[in-house]
Amino acid sequence: MTGIDEHTERFLHLRPLLFTIVYEILGSATESDDVLQDSYLRWRNVDLATVRDTKSYLAQLVTRQALNALRVSAGRREEYVGPWLPEPLLLADGDASADVVLTESVSMGMLVVLETLTPAERAVFVLRDVFGFDYAEIASATGQSIDAVHQMARRARNHVQARRKRFGPVDTTRTAAVTERFMSAATTGDMEGLLAILAPDITWTTDSGGKVTALRDLVMVGAERVGAILMAVFRYARQRPDVRIEAVNCNSQPALACYIGDNLEAVLVFEIADDKIVNGYGIRNPDKLAALDIPRVISRTAGPRP
């Protein structure tokens, strides 16, 4: 492409893949943008004649930078007020469900599970189980021995499978239908209809970061309890003419964006299995909503040449 040098062309060709790697390691689109910018500046100083595999080289580069960013932010997360949820991601194409592995790997539920791994385990899991890099490449990216990477991959995989075993491939038609039923019940005050689509053991988690008014109980369990709170929220919304709620696709999952006037106040993400909402995530921290209007391209493969 005219006007783009070789360094930039190679980086842009792989950027969707690189962004996806970093986002799955960090759980933050904003921080991922920073990591990619820093990685690109480092990449520009690389002698291309020494690079045998651009995809492998850049994946290792951004992984190292992501791990550095994760270590820097560790203190902030320990001091975080209330539950910490990943930053929601608005997808440019609206749906990545054609790639089952990609869809699951960026889901809010998966990202929440990945938060329970160590930084190194998280990077190993993402690079191996999601992107299929070999153990030598992962060892180089994480600064671990190949034997240690094998052990971490097995430990991380078992950890994730134990917590994600109830979930399978996403059927977008059925999840859309459940979301529509949710909206119909919630906006009309149909508690019976709402309870019919909430799993009995549903867990609802709210992330406000202590920066905005939120529910007193930031983690709630049980259909009746969650249903009562959601009904109260939607009842309040019906009384406010300046409130609007729009259906969106966040992290390859059905979600609702809640606005007061032009201000985005919350994003509600639903995790659906067997036609029931089994987990709900309410992101209210304004810092995590600031970049939601930027559509993101995610991928497990290289993009088209610019």
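What you are looking at is a predicted structure, and each value in this text was computed from that prediction instead of being measured.
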*How far does OG1 of Thr179 sit from CG of Leu256, to the nearest 0.5 angstrom?*
7.0 Å
*Linking I/L/V/M/F/W/Y whenever their side-chain heavy atoms sit closer than 4.5 Å, directly or via other members, would Met183 and Leu264 fall into one cluster?*
no
*So do Tyr40 and Leu12 actually touch side chain to side chain, heavy atoms under 4.5 Å?*
no
*Minimum side-chain heavy-atom gap Met152-Phe125 below 4.5 Å*: no
*Heavy-atom closest pair, residues Arg181 and Asp275*: NH1-O, 4.5 Å
*asked:* Counting only heavy atoms not in Glu192 (residues, nucleotides, ligands), do more than 12 fall under 6.0 Å from its CD?
replied: no
*Of the non-hydrogen atoms in Ala237 and Ile245, which two are nearest, and what is the gap between them?*
CB-CD1, 4.4 Å
*Rounded to the nearest 0.5 Å, how far does OG1 of Thr20 lie from CG of Leu89?*
8.0 Å
*For Ile277 against Ile202, the heavy-atom pair lying closest together*: O-CD1, 3.5 Å
*Would the Trp204 and Tyr281 ring centres measure less than 6.0 Å apart?*
no
*Side-chain donor or acceptor of Lys211 paired with backbone N/O of Asp287 under 3.5 Å*: no
*With salt bridge (charged side-chain N to carboxylate O under 4.0 Å, His left out) as the test, would you mind laying out the steps for Arg44 and Asp5 before giving the verdict?*
CA-CA 10 Å; Arg44 289 199 60 83; Asp5 62 28; 2.7 Å; yes
*Members sharing Val221's hydrophobic cluster (side chains within less than 4.5 Å)*: none
*Any side-chain heavy-atom pair from Ile294 and Leu90 closer than 4.5 angstrom?*
no
*Do the side chains of Phe270 and Thr175 get nearer than 4.5 Å, heavy atoms only?*
no
*Give a yes-or-no answer on whether the side chains of Ser28 and Thr30 include a donor-acceptor pair shorter than 3.5 Å.*
no
*Backbone N or O of Ser140 within a donor-acceptor pair of the Arg64 side chain at under 3.5 Å?*
yes
*Do Arg128 and Asp134 meet the salt-bridge criterion of a basic N to acidic O distance under 4.0 Å?*
no
*Within a reach of under 6.0 Å around CD of Glu224, are more than 12 heavy atoms found that belong to other residues, nucleotides or ligands?*
no
*When you measure from the side chain of Asp207 to the backbone N and O of Trp84, does any donor-acceptor pair fall under 3.5 Å?*
no
*asked:* Could you tell me if the side chain of Pro88 sits less than 4.5 Å from the side chain of Asn251, heavy atoms only?
replied: yes
_I need the full list of salt bridge (Lys or Arg N to Asp or Glu O under 4.0 Å) pairs touching residues 148-159, with sequence neighbours left out, sorted by first then second residue._
Glu121-Arg155, Asp129-Arg157
*Given the rule that I, L, V, M, F, W and Y join up when any side-chain heavy atoms are under 4.5 Å apart, are Ile25 and Val112 in one cluster?*
no
*Can you tell me how far the CG atom of Leu111 sits from the CG atom of Leu85, to the nearest 0.5 Å?*
10.0 Å
*Say you draw a straight line from CG of Leu198 to CE of Met191; how long is it, rounded to the nearest 0.5 Å?*
8.5 Å
*Distance only, no hydrogens: is a donor on one side chain within 3.5 Å (strictly under) of an acceptor on the other, for Asp33 and Tyr23?*
no
*List the atom of Val130, the atom of Arg300, and the distance in Å for their closest heavy-atom pair.*
O-NH1, 2.7 Å
_Would you say Leu18 ends up clustered with Val51 if hydrophobic residues are merged whenever their side chains have heavy atoms under 4.5 Å apart, either directly or through other cluster members?_
yes
*Check the pair Asn263, Glu265 against side chain to side chain contact (heavy atoms under 4.5 Å, CB included), reporting the backbone distance first and the verdict last.*
CA-CA 6 Å; Asn263 296 321; Glu265 296 291 326; 3.6 Å; yes
*asked:* Hydrophobic cluster membership, with links at side-chain heavy-atom distances under 4.5 Å among I/L/V/M/F/W/Y: are Val212 and Tyr259 in one?
replied: no
*If you round to the nearest 0.5 Å, how far is OG1 of Thr116 from NE2 of His159?*
2.5 Å
*Could you pull out the closest heavy-atom pair between Glu137 and Ser56, with the gap in Å?*
OE2-OG, 2.7 Å
*What do the steps show when you test Cys258 against Leu268 for side chain to side chain contact (heavy atoms under 4.5 Å, CB included), and what is the final call?*
CA-CA 8 Å; Cys258 307; Leu268 312 181; 4.2 Å; yes
*Exercise: identify the closest heavy-atom pair between Ser252 and Leu91*: OG-CD1, 3.3 Å
*Would you check if the side chain of His7 reaches a backbone N or O of Leu48 as a donor-acceptor pair within less than 3.5 Å?*
no
*Going by atom types alone, do Gln65 and Ser39 pair a side-chain donor with an acceptor below 3.5 Å?*
no
*asked:* Using modelled atom types and a 3.5 Å cut-off, is there a donor and acceptor pairing between side-chain atoms of Thr8 and backbone atoms of Ile4?
replied: no
*Distance from Asn158 atom CG to Arg163 atom CZ, nearest 0.5 Å?*
10.5 Å
*Donor-acceptor contact below 3.5 Å, side chain Lys276 vs main chain Ala196*: yes
*Would you indicate whether the side-chain heavy atoms of Thr142 and Leu67 approach each other to under 4.5 Å?*
yes
*Hey, does the side chain of Ser184 reach the backbone of Glu180 with a donor-acceptor pair shorter than 3.5 angstrom?*
no
*asked:* What I'd like to find out is whether the side chain of Ser208 reaches to under 4.5 Å of the side chain of Asn285, using heavy atoms alone.
replied: no
*Just checking, any donor-acceptor pair under 3.5 angstrom between side chains of Ser107 and Gln253?*
no
*Indicate, with yes or no, if Met108 and Val113 share a hydrophobic cluster defined by side-chain heavy-atom contacts under 4.5 Å among Ile, Leu, Val, Met, Phe, Trp and Tyr.*
no
*Look at the side chain of Glu24 and the backbone N and O of Ile21, then say whether any donor-acceptor pair between them is shorter than 3.5 Å.*
no
_Keeping Ser73 on the side-chain end and Leu70 on the backbone end, is there a donor-acceptor pair under 3.5 Å?_
yes
*Ion pair Asp53/Lys55, N-O distance below 4.0 Å*: no
*asked:* When you measure from the side chain of Arg244 to the backbone of Ala257, do you find a donor-acceptor pair of N or O atoms at a distance under 3.5 Å?
replied: no
*asked:* Apply side chain to side chain contact (heavy atoms under 4.5 Å, CB included) to residues Asp34 and Leu36 and explain how you reach the verdict.
replied: CA-CA 5 Å; Asp34 293 340; Leu36 290 189; over 6 Å; no
_When you compare the side chain of His150 with that of Tyr135, does any pair of heavy atoms fall below 4.5 Å?_
yes
